[in-house]
Undergrad: 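My questions all concern the structure below.
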Number of protein chains: 2
Amino acid sequence: MLPIEESALILKLLGDKTRLRMMKLLDEDACCVCEFVELFQMSQPAISQHLRKLKAVGIVKEVKRRQWVFYSLNETHQYYPLVKAILVRLESQQDKLVSLTESGKRIDCQIEK
Amino acid sequence: MLPIEESALILKLLGDKTRLRMMKLLDEDACCVCEFVELFQMSQPAISQHLRKLKAVGIVKEVKRRQWVFYSLNETHQYYPLVKAILVRLESQQDKLVSLTESGKRIDCQIEK
DNA sequence: TGATTATATAAGCGTTTGATTATATACTGT
DNA sequence: ACAGTATATAATCAAACGCTTATATAATCA
């Protein structure tokens, strides 16, 4: 059973449409900052700051590969089951990743989930 | 599958510790405004305003009985399954209701869930 | 009827949030 | 080494948020 106050902090993080989209995308595949920038049509600092918040609580992790930083969900996090229970109910963003690939802007991080 | 943008609005509502406590309490039993005021030791307008936000999206409903307004979860709401999936993972607030009863401040709304 | 209790709403205010621009750091490839 | 690419951080600012106080409305009860 999760403590309510701490849970509220996690839900607040997910209660932003940009971060929630990010989390759903990361649930489907690891992504790097520049992919989010392309997908969301937002400034790179805005993306980085959202990712920083998610990383600050540990619910996402990062791996550096060449010049990129790839983010993925931290499946060992205490709140991962809660987060996952939410994400599974959200519409897939897979088509967005496919579009990215088709436009040649997808970056293969070669990290196995 | 729930749309992400709308889901983010629901999660933002739950991403406040007062509202999340309210929702968990309502998941366990209907409550009226003055009970929340007593439980949370917050001003009555603060409580009313949180409830108004929850009612605005329809995830809680109200029933008037004598001089009280009892709130409860709207189990027919489109987002109820998502909300419930979150609430079941949170620590029970049942002990808070028991304390209220013991201090003689519990109000029996006589509404069946 | 007048006092009390319960709730809602409006206005005001300090804090937080999410974006932007500017700048710094780091890695890549020629 | 240098130009280009990728990311992070800092400063700034308008908008949103959550609380308070003040006030209005409605039901209860003596």
Side-chain angles (χ1 to χ4, degrees), chain A residues 4-5 8-23 26 30-57 60-72 100 103-111, chain B residues 4-5 8-23 26 30-57 60-72 100 103-111:
Chain A
I4 291 199
E5 210 155 319
L9 295 179
I10 298 294
L11 294 173
K12 176 180 282 185
L13 280 179
L14 299 186
D16 173 274
K17 69 174 195 288
T18 302
R19 284 191 297 265
L20 193 59
R21 286 186 69 192
M22 282 177 166
M23 291 296 285
L26 294 181
C31 291
C32 67
V33 179
C34 62
E35 290 175 317
F36 286 127
V37 171
E38 180 65 27
L39 282 171
F40 298 168
Q41 294 292 301
M42 282 174 64
S43 71
Q44 174 267 314
I47 299 294
S48 280
Q49 282 162 32
H50 281 302
L51 288 167
R52 179 162 53 162
K53 289 184 183 183
L54 294 172
K55 211 184 63 174
V57 302
V60 304
K61 59 188 178 185
E62 58 171 49
V63 174
K64 295 177 204 269
R65 279 277 196 290
R66 307 188 57 203
Q67 73 263 51
W68 299 291
V69 179
F70 289 94
Y71 286 86
S72 57
L100 250 203
S103 63
K105 287 166 178 162
R106 184 84 167 109
I107 294 166
D108 185 1
C109 72
Q110 296 175 334
I111 300 169
Chain B
I4 291 200
E5 208 155 320
L9 296 178
I10 298 294
L11 294 173
K12 176 182 282 186
L13 279 179
L14 299 186
D16 173 274
K17 69 173 194 289
T18 301
R19 285 191 297 266
L20 193 59
R21 286 186 68 191
M22 282 177 165
M23 292 295 284
L26 294 180
C31 291
C32 67
V33 179
C34 62
E35 290 176 317
F36 285 128
V37 171
E38 180 65 27
L39 282 172
F40 297 169
Q41 293 293 303
M42 282 175 65
S43 74
Q44 174 267 316
I47 298 294
S48 280
Q49 283 162 28
H50 281 301
L51 287 167
R52 178 162 55 162
K53 289 185 183 184
L54 294 172
K55 211 185 62 175
V57 302
V60 304
K61 58 188 179 187
E62 58 172 48
V63 175
K64 294 177 206 268
R65 280 277 195 289
R66 308 185 60 199
Q67 73 264 51
W68 298 290
V69 180
F70 290 93
Y71 286 85
S72 57
L100 249 203
S103 63
K105 287 166 178 162
R106 184 83 166 110
I107 295 164
D108 185 0
C109 71
Q110 295 173 336
I111 300 168

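As the structure is a prediction and not an experimental result, all values here were calculated from the model. To find a chain, count down the sequence lines: A is the first, B the second, and so on, and within it residues start at 1.
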Undergrad: Looking only at side-chain atoms of A:Val33, point me to the closest of C:dA8, C:dA6, D:dT7.
TA: D:dT7
Undergrad: How long is the line joining CD of A:Gln67 and P of C:dA24, in whole Å?
TA: 22 Å
Undergrad: B:Lys53 has an atom NZ; how far is it from atom P of C:dA8, in whole Å?
TA: 15 Å
Undergrad: To the side chain of A:Lys12, which of D:dA10, C:dT17, C:dG18 is closest?
TA: C:dT17
Undergrad: With a 4.0 Å limit, can you tell me whether A:Thr18 has a side-chain N or O closer than that to the phosphate oxygens OP1/OP2 of C:dA19?
TA: yes
Undergrad: Classify B:Glu62 by what it touches in the nucleic acid, base, sugar-phosphate, or nothing, heavy-atom distance under 4.0 Å.
TA: sugar-phosphate
Undergrad: Under 4.0 Å between a side-chain N/O of B:Ser43 and OP1 or OP2 of D:dC19, yes or no?
TA: no
Undergrad: What is the distance from NZ of B:Lys64 to P of D:dA27, rounded to the nearest Å?
TA: 8 Å
Undergrad: Using atom CG of A:Leu13 as one end and atom P of C:dT17 as the other, report the distance to the nearest whole Å.
TA: 9 Å
Undergrad: Mind calculating the distance between CD (A:Gln41) and P (C:dG18) to the nearest angstrom?
TA: 20 Å
Undergrad: Which one is paired to D:dA27, where only Watson-Crick or G-U wobble pairs with both distances under 3.5 angstrom count?
TA: C:dT4
Undergrad: Which comes earlier along DNA chain C counting from the 5' end, the contact point of A:Lys17 or that of B:Pro45, where each point is its nearest nucleotide?
TA: B:Pro45
Undergrad: Are any side-chain N or O atoms of B:Glu35 and backbone N or O atoms of B:Ile107, one a donor and one an acceptor, separated by less than 3.5 Å?
TA: yes
Undergrad: Provide the closest heavy-atom pair for A:Cys31 versus A:Arg106 in the form atom of the first, atom of the second, distance.
TA: SG-NH1, 4.2 Å
Undergrad: Mapping A:Arg66 and A:Asp16 to their closest nucleotides on DNA chain C, which lands nearer the 5' end?
TA: A:Asp16
Undergrad: As a test of reading the structure: which of D:dT21, D:dT9, C:dT7 is closest to the side chain of B:Ser48, going by heavy atoms?
TA: C:dT7
Undergrad: Does OP1 or OP2 of C:dA6 have a side-chain N or O of B:Tyr71 closer than 4.0 Å?
TA: no
Undergrad: Take atom CD of B:Glu38 and atom C1' of C:dT7, then tell me their distance rounded to the nearest Å.
TA: 16 Å
Undergrad: Looking at A:Arg21 and A:Leu39, what are the two nearest heavy atoms and their distance?
TA: NH2-O, 4.2 Å
Undergrad: Send over the distance from B:Gln49 CD to C:dC13 P, rounded to a whole Å.
TA: 16 Å
Undergrad: Could you tell me how far apart A:Arg65 (CZ) and D:dA6 (C1') are, to the nearest whole angstrom?
TA: 16 Å
Undergrad: Side chain of B:Trp68 only, please: which of C:dT20, C:dA8, C:dA6 is the nearest?
TA: C:dA6
Undergrad: With the side chain of A:His50 defined as its heavy atoms from C-beta on, choose the nearest nucleotide among D:dT7, C:dG18, C:dT20.
TA: C:dG18
Undergrad: Hey, what do you get for CG (B:Leu51) to CG (B:Leu26), rounding to the nearest 0.5 Å?
TA: 7.0 Å
Undergrad: Considering only side-chain heavy atoms of A:Ala46, which listed nucleotide, C:dA19, C:dA8, D:dT7, is closest?
TA: C:dA19
Undergrad: For residues B:Met42 and B:Val37, report the shortest heavy-atom separation together with the two atoms involved.
TA: O-CG1, 3.3 Å
Undergrad: Roughly how far apart are A:Ile4 CD1 and B:Arg19 CZ, rounded to 0.5 Å?
TA: 13.5 Å
